[in-house]
Enquirer: 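Questions regarding the structure given below will be posed in turn.
For the single chain, residues carry numbers from 1 onward in sequence order.
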Amino acid sequence: MAAVRFHFSVQPPVRFLLVAVAIASSISSSHCLSAVGSQEAENGRSYLFQEILRDEAMSRLNELGKVSDVDGYLERTFLSPASITAGSIFRRWMEEAGLTTWIDNMGNIHGRVDGMNPSAPALLLGSHLDTVVDAGKFDGALGVISAISALKVLKITEKLGRLKRPVEVIAFSDEEGIRFQSTFLGSAALAGKLQPSALNITDKSGRSLREILRQSSIDTTEESLIQMKYEPKSVWGYVEIHIEQGPVLESVGLPLGLVKGIAGQTRLKVTVAGSQGHAGTVPMSMRRDPMAAAAALMVLLESLCRRPGDYLPSYEGRSASMIDSLSSSLVCTVGEISCWPSASNVIPGQVAFTIDLRTIDDMGREAVLHELSSRMYDICDKRSVSCMIERKHDANAVMCDPDLSSELKSAARTAFKKMAGKVEIEVPMLMSGAGHDSMAMAHLTKVGMLFVRCRGGISHSPQEHVLDDDVGAAGLAILSFLETLM
């Protein structure tokens, strides 16, 4: 496909701007539109959309990107001073968009408009405001800023009250899990998946989650935490806009993609124990070296994950579709390695490392884990070292709702047409290898996601970047989606 440029129209003539101002001021809008003609009115609205969905949204992303707990890089963890400041700013923006706001017992910030039928099940739009350490400014924040930008356009064009169901934007307080090493605190609480015992987990300073909440004047008890869960019948669905955090959209030259599902994940800790000794006096043939064994285990992991079909020929329940799914979605990472005593002239006595294994296929993930563990134990036996494999975390894959995804796909196409003209462009479907609040919210309701292109697929880094027009594309898509609720 030839390259297609996605951009907003150039700034309109003054009379088009006057149309936008007339709409914004809600002063005789129908008279003004008829006076300048329907085409000029459309140009005026396009400029209004550009100003809010792209320019103002980028300005707000830049503003939040400067709200940090440290100088020199971006860091906002759960209910830190910077997170509280960012939340206050975001709450003001919600209110400017016409939303009624509040903060719940886990520090999540809510903004809601009731629409024509306040008792109808609500559409939830959300993402997170917390960051990793040395973060980029688009991860999380882009999703909630795009949502309130679209709602602000509806307010200015006097359509906010025409929504057929309530719409609630939620800026989750903790998705990254940096402070308490427990992801999705905010969304899991609303989905009813956060156990009351979580109030007792502690951060590195030894302070509990309960204490941190109280410090922010949020007195959360076990009972009030349980009561935070939304009733499933009160929720129509959950939609999340998020940067892709991968290179696919950039490679195909498109600003938006539809998320098919979020990969399931298993985290392992592997501990290999051997015989500690002097680096110069123990012959190679007599060594029980856990470091060399660990290296062999890592090479096995890489080979299996690159070519799963070569390693699962006899697995009961194997199918061609499973192998195809694993071949396209399986990723495996060794992220941490430690050894004891960690001295240059000592053969280690023990080596430990982590494995992060993800795929969209839960049955395939179990098959890989079974085969990987079996082969790891064999390698350790042959090298006369012991091996212990512990499962530290498991999360099943989440598939996005087909009907919700179809509506989001249509909304993305509408955004493409408004930005690129009458070119017919297919919206790509992607799998998310990263976890998102949608994983927790899927326990409550149907979910749908759109990804936004990011430069080089880089995320969790100050090099994280999204084009201005791609921010605008995200806003246009969510606006088009909201207009289907009228």
Enquirer: Could you verify whether a donor N or O on one side chain and an acceptor N or O on the other, from Thr101 and Arg91, lie under 3.5 Å apart?
Expert: yes
Enquirer: Are the aromatic ring centres of His443 and Phe184 under 6.0 angstrom apart?
Expert: no
Enquirer: Is there a side-chain contact (heavy atoms from CB on, under 4.5 Å) between Val167 and Asp114? Walk through the geometry before answering.
Expert: CA-CA 7 Å; Val167 175; Asp114 283 337; over 6 Å; no
Enquirer: Answer yes or no for Cys387 and Cys380: SG-SG distance under 2.5 Å.
Expert: no
Enquirer: Sub-3.5 Å donor-acceptor pair from the side chain of His128 to the main-chain atoms of Asp130, do we have one?
Expert: yes
Enquirer: Could you walk me through whether Asp219 and Arg214 pass salt bridge (charged side-chain N to carboxylate O under 4.0 Å, His left out), step by step?
Expert: CA-CA 5 Å; Asp219 190 13; Arg214 283 179 178 166; 3.4 Å; yes
Enquirer: Roughly how far, to the nearest 0.5 Å, is the CD atom of Glu464 from the OG1 atom of Thr131?
Expert: 9.5 Å
Enquirer: Answer yes or no: is there a donor N or O on one side and an acceptor on the other, between the side chain of Thr266 and the main chain of Leu357, under 3.5 Å?
Expert: no
Enquirer: Go through the side-chain N and O atoms of His370 and Ser374 and say whether any donor and acceptor fall under 3.5 Å apart.
Expert: no
Enquirer: Any side-chain heavy atom of Met116 within less than 4.5 Å of one from Leu163?
Expert: no
Enquirer: Below 4.5 Å, heavy atoms only, C-beta onward: do Leu249 and Pro428 meet side chain to side chain?
Expert: yes
Enquirer: Closest heavy-atom contact between Leu304 and Leu330?
Expert: O-CD2, 4.3 Å
Enquirer: Distance-only, no hydrogens or angles: does the Ser208 side chain make a donor-acceptor pair with backbone N or O of Ile201 under 3.5 Å?
Expert: no
Enquirer: What do the steps show when you test Asp174 against Arg179 for salt bridge (charged side-chain N to carboxylate O under 4.0 Å, His left out), and what is the final call?
Expert: CA-CA 9 Å; Asp174 178 275; Arg179 184 164 192 172; over 6 Å; no
Enquirer: Testing the 3.5 Å rule here: is there a donor-acceptor pair between the side chains of Glu240 and Ser127?
Expert: yes
Enquirer: Quick one: do the Lys137 and Asn62 side chains pair a donor with an acceptor below 3.5 Å?
Expert: yes
Enquirer: Name the residue from Ser329, Ser327, Ser325, Ser328 that meets the side chain to side chain donor-acceptor pair (under 3.5 Å) definition with Thr359.
Expert: Ser329
Enquirer: Quick one: closest heavy-atom pair of Leu74 and Gly65, and the distance?
Expert: CD1-O, 3.7 Å
Enquirer: Indicate yes or no: at least one non-hydrogen side-chain atom of Leu185 is less than 4.5 angstrom from one of Glu176.
Expert: no
Enquirer: Start with the C-alpha gap between Val144 and Met94, add the side-chain angles, then the distance that decides, and say whether side-chain contact (heavy atoms from CB on, under 4.5 Å) holds.
Expert: CA-CA 10 Å; Val144 283; Met94 283 179 156; over 6 Å; no
Enquirer: State whether the side chain of Ser173 and the backbone N or O of Phe78 hold a donor-acceptor pair below 3.5 Å, judged by distance alone.
Expert: no
Enquirer: Okay, side chain of Arg455, backbone of His465: is any donor-acceptor separation there less than 3.5 Å?
Expert: no
Enquirer: When Arg54 is tested against each of Asp468, Leu467, Leu476 for side-chain contact (heavy atoms from CB on, under 4.5 Å), which residue passes?
Expert: Asp468
Enquirer: To the nearest 0.5 angstrom, please state how far the CG atom of Asp71 sits from the OH atom of Tyr73.
Expert: 9.5 Å
Enquirer: Using a 3.5 Å distance criterion without hydrogens, assess whether the side chain of Ser68 forms a donor-acceptor pair with backbone atoms of Val70.
Expert: yes
Enquirer: Holding to salt bridge (charged side-chain N to carboxylate O under 4.0 Å, His left out), I want the full list of residues that pass it with Lys409, two or more places apart in sequence or in another chain.
Expert: Glu426
Enquirer: Salt bridge (charged side-chain N to carboxylate O under 4.0 Å, His left out), that's the test. Do Lys233 and Glu231 meet it? Break it down for me.
Expert: CA-CA 5 Å; Lys233 64 182 180 182; Glu231 286 295 327; 5.7 Å; no
Enquirer: Start with the C-alpha gap between Trp93 and Arg60, add the side-chain angles, then the distance that decides, and say whether side-chain contact (heavy atoms from CB on, under 4.5 Å) holds.
Expert: CA-CA 9 Å; Trp93 293 340; Arg60 289 175 168 182; 3.4 Å; yes
Enquirer: Are side-chain N/O atoms of Glu168 and Tyr230 paired as donor and acceptor at under 3.5 Å?
Expert: yes
Enquirer: What's the spacing between Leu160 CG and Leu482 CG if we round to 0.5 Å?
Expert: 9.0 Å
Enquirer: Any ion pair linking Glu56 and Lys152 (charged N to carboxylate O, less than 4.0 Å)?
Expert: yes
Enquirer: Spell out, as yes or no, whether a donor-acceptor pair under 3.5 Å connects the side chain of Arg165 to the backbone of Ala122.
Expert: no
Enquirer: Donor-acceptor check, side chain of Thr157 to backbone of Val153, threshold 3.5 angstrom: yes or no?
Expert: yes
Enquirer: Any donor-acceptor pair under 3.5 Å linking the side-chain atoms of Thr354 with those of Asp356?
Expert: no
Enquirer: Within the side chain of Arg375, is there an N or O that forms a donor-acceptor pair under 3.5 Å with the backbone of Leu300?
Expert: no
Enquirer: What's the separation between atom CD1 in Ile178 and atom NZ in Lys204, rounded to the nearest 0.5 Å?
Expert: 8.5 Å
Enquirer: Is it true that Arg112 and Glu95 make a salt bridge, defined as a side-chain N closer than 4.0 Å to a carboxylate O?
Expert: no
Enquirer: Can you measure from CG (Leu124) to CE (Met441) and round to the nearest 0.5 angstrom?
Expert: 5.0 Å
Enquirer: How close do Val427 and Leu258 get, counting heavy atoms only, and between which atoms?
Expert: CG1-N, 3.8 Å
Enquirer: Between Asp139 and His242, is a side chain to side chain donor-acceptor pair (under 3.5 Å) present by the stated rule, with each step listed?
Expert: CA-CA 7 Å; Asp139 181 3; His242 204 282; 2.9 Å; yes
Enquirer: Sequence neighbours left out, what pairs pass ring-ring contact (aromatic ring centres under 6.0 Å, His included) with at least one residue falling in residues 134-160?
Expert: none
Enquirer: Using every non-hydrogen atom in the two residues, find where Ile478 and Ser146 come nearest and quote the distance to one decimal.
Expert: CG2-O, 3.5 Å
Enquirer: May I ask you to decide whether Asp394 forms a salt bridge with Arg365, counting only side-chain N to carboxylate O separations under 4.0 Å?
Expert: yes
Enquirer: Side chains of Gln215 and Arg207: any donor to acceptor distance under 3.5 Å?
Expert: yes
Enquirer: When you check the side-chain N and O atoms of Ser88 and Thr85, is any donor under 3.5 Å from an acceptor?
Expert: no
Enquirer: The test is side-chain contact (heavy atoms from CB on, under 4.5 Å); show your working for Phe481 and Leu479 and say whether it passes.
Expert: CA-CA 5 Å; Phe481 175 73; Leu479 176 62; over 6 Å; no
Enquirer: With side chain to side chain donor-acceptor pair (under 3.5 Å) as the test, would you mind laying out the steps for Asp403 and Ser405 before giving the verdict?
Expert: CA-CA 5 Å; Asp403 294 335; Ser405 294; over 6 Å; no
Enquirer: Charged N to carboxylate O under 4.0 angstrom, Lys155 versus Glu96?
Expert: no
Enquirer: Would you say the side-chain atoms of Ser80 pair up with the backbone N or O of Thr77, donor to acceptor, closer than 3.5 Å?
Expert: yes
Enquirer: Pair Lys269, Glu336 - check salt bridge (charged side-chain N to carboxylate O under 4.0 Å, His left out), show working.
Expert: CA-CA 9 Å; Lys269 179 180 180 182; Glu336 296 180 41; over 6 Å; no
Enquirer: Under 3.5 Å, is there a donor-acceptor pair between the Asp134 and His460 side chains?
Expert: no
